[in-house]
Amino acid sequence: MNILKKLDRHFEEYFVIGAFSMMIIFVSLQVFFRYVLNSSLIWSEELTRYLFIWQIFFGASLSIRDDSHLKVDIIYMVFPKYTKAIKIISYSLFLVFSLVVFWQGLQLVQSILFVKKQLTPTMGIPMGVVYSILPLGTLLMSIRLVQRIVKTLKGSQEES
């Protein structure tokens, strides 16, 4: 159970740190190969771009988990009595949006994997694998939004 709690608390952080570290390594290798060895790694730029996109989705989930995403705080100042209700409404609207994007992303990935069978230009991996961050990331965001709604309803002290 301790492992599940640790994973729940740090999953996105581990991924973002790992992806960022890999991006630094791949870009550094590309610079070394290009300017020192006068050669080029054809896959490093593409892989770095895909890691960056995946990192953005995991970072969005992380910001939902920590309640650090952008928001308009003036609404809470104007209506201080309704802060809890406003949060629940905004989280719920965001959840609906995330679930719609999840569903549409799932259909897109299925189309790319099974109908178009498109591959990435240099690495030759299925584009569906790259695009799978869309349903995966929005599903993770949806889980974090449900956690936020539950914490807000309970009136948890972690709410800020």
Side-chain angles (χ1 to χ4, degrees), residues 1-31 41 43-76 83-113 118-160:
M1 189 59 123
N2 191 18
I3 292 174
L4 288 177
K5 283 185 180 182
K6 189 172 184 177
L7 195 60
D8 177 53
R9 185 68 194 144
H10 300 290
F11 178 67
E12 293 94 340
E13 293 169 2
Y14 292 152
F15 184 87
V16 169
I17 290 169
F20 191 68
S21 300
M22 288 171 46
M23 287 170 55
I24 290 171
I25 290 168
F26 295 147
V27 169
S28 299
L29 276 173
Q30 175 67 354
V31 169
L41 299 173
W43 53 268
S44 67
E45 186 268 333
E46 185 176 284
L47 183 58
T48 302
R49 184 179 335 124
Y50 298 147
L51 282 171
F52 182 67
I53 294 167
W54 277 62
Q55 188 178 357
I56 289 170
F57 277 90
F58 275 83
S61 176
L62 179 65
S63 69
I64 292 169
R65 187 200 73 196
D66 294 341
D67 200 25
S68 61
H69 54 277
L70 292 174
K71 54 189 164 218
V72 182
D73 287 340
I74 194 162
I75 296 172
Y76 301 127
T83 300
K84 190 174 183 178
I86 293 169
K87 283 184 177 186
I88 291 171
I89 290 169
S90 66
Y91 292 145
S92 298
L93 289 173
F94 194 0
L95 178 61
V96 169
F97 173 77
S98 293
L99 290 172
V100 168
V101 174
F102 165 75
W103 181 250
Q104 292 298 316
L106 201 58
Q107 291 176 337
L108 176 68
V109 169
Q110 288 175 343
S111 169
I112 291 172
L113 276 176
Q118 190 177 2
L119 300 175
T120 60
T122 59
M123 295 189 312
I125 60 174
M127 280 301 282
V129 173
V130 175
Y131 277 81
S132 66
I133 189 55
L134 192 58
L136 180 66
T138 53
L139 180 65
L140 192 54
M141 285 187 249
S142 298
I143 292 168
R144 295 302 186 183
L145 284 163
V146 169
Q147 289 175 335
R148 276 272 139 215
I149 291 170
V150 169
K151 283 181 182 178
T152 303
L153 287 171
K154 287 182 176 179
S156 176
Q157 296 296 343
E158 293 182 38
E159 283 295 316
S160 50

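Computed from a prediction, not measured in an experiment: that's the story for all the values here.
- Under the 3.5 Å distance criterion, the side-chain polar atoms of W54 are matched with a main-chain donor or acceptor of V130.
- Taking the side chain as every heavy atom from C-beta outward, L134 and V101 approach each other to under 4.5 Å.
- Rounded to the nearest 0.5 Å, atoms NE2 (H69) and OG (S61) are 11.5 Å apart.
- Within 6.0 Å of CZ on F97 lie no more than 12 heavy atoms contributed by other residues, nucleotides or ligands.
- In this structure, I125 CD1 and Q118 CD are separated by 11.5 Å, a value rounded to the nearest 0.5 Å.
- Under 4.0 Å is where a charged nitrogen must lie from a carboxylate oxygen, and between D67 and R144 no such pair does.
- Distance CG/L41 to CD/Q30: 5.0 Å, rounded to 0.5 Å.
- Between R65 and E13 there is a side-chain heavy-atom pair separated by less than 4.5 Å.
- Under a cut-off of 6.0 angstrom, the local environment of OH in Y76 is crowded, with over 12 non-hydrogen atoms contributed by other residues, nucleotides or ligands.
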Apply side-chain contact (heavy atoms from CB on, under 4.5 Å) to the pair Y91 and V146, showing each step before the final yes or no. CA-CA 8 Å; Y91 292 145; V146 169; over 6 Å; no

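- In this structure the side chain of S98 never reaches within 4.5 angstrom of the side chain of W103, judged on heavy atoms.
- Looking at K87, its side chain never comes within 3.5 Å of a backbone N or O of T152 through a donor-acceptor pair.
- Side-chain atoms of L108 and Y131, non-hydrogen and from C-beta on, do get closer than 4.5 Å to each other.
- For the pair R148/F94, no side-chain contact is recorded, criterion being any heavy-atom separation below 4.5 Å from C-beta on.
- Nearest heavy atom pair, residue S142 against residue L99, reads OG-CD2, 3.5 Å.
- In this structure, the separation between CD1 on I112 and OG on S132 is 10.0 Å, given to the nearest 0.5 Å.
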side-chain contact (heavy atoms from CB on, under 4.5 Å), that's the test. Do M127 and Y50 meet it? Break it down for me. CA-CA 10 Å; M127 280 301 282; Y50 298 147; 3.9 Å; yes

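- Between S28 and I25 the shortest side-chain heavy-atom distance does not fall below 4.5 Å.
- Here the straight-line distance linking atom CD1 of I149 with atom CD1 of I88 works out to 7.5 Å at 0.5 Å rounding.
- Note on ring orientation: taking the six-membered ring where Trp is involved, the planes of F58 and F15 are parallel (angle under 30°, cut-offs 30° and 60°).
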With side-chain contact (heavy atoms from CB on, under 4.5 Å) as the criterion, how do S44 and L29 come out once you've worked through the C-alpha distance, each side chain's angles and the decisive distance to 0.1 Å? CA-CA 8 Å; S44 67; L29 276 173; over 6 Å; no

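- Side-chain atoms of E46 come within 3.5 Å of backbone atoms of T122 as a donor-acceptor pair (strictly under, hydrogens ignored).
- Within the model, atoms CZ of F26 and CD of E45 stand 13.0 Å from one another, a figure rounded to the nearest 0.5 Å.
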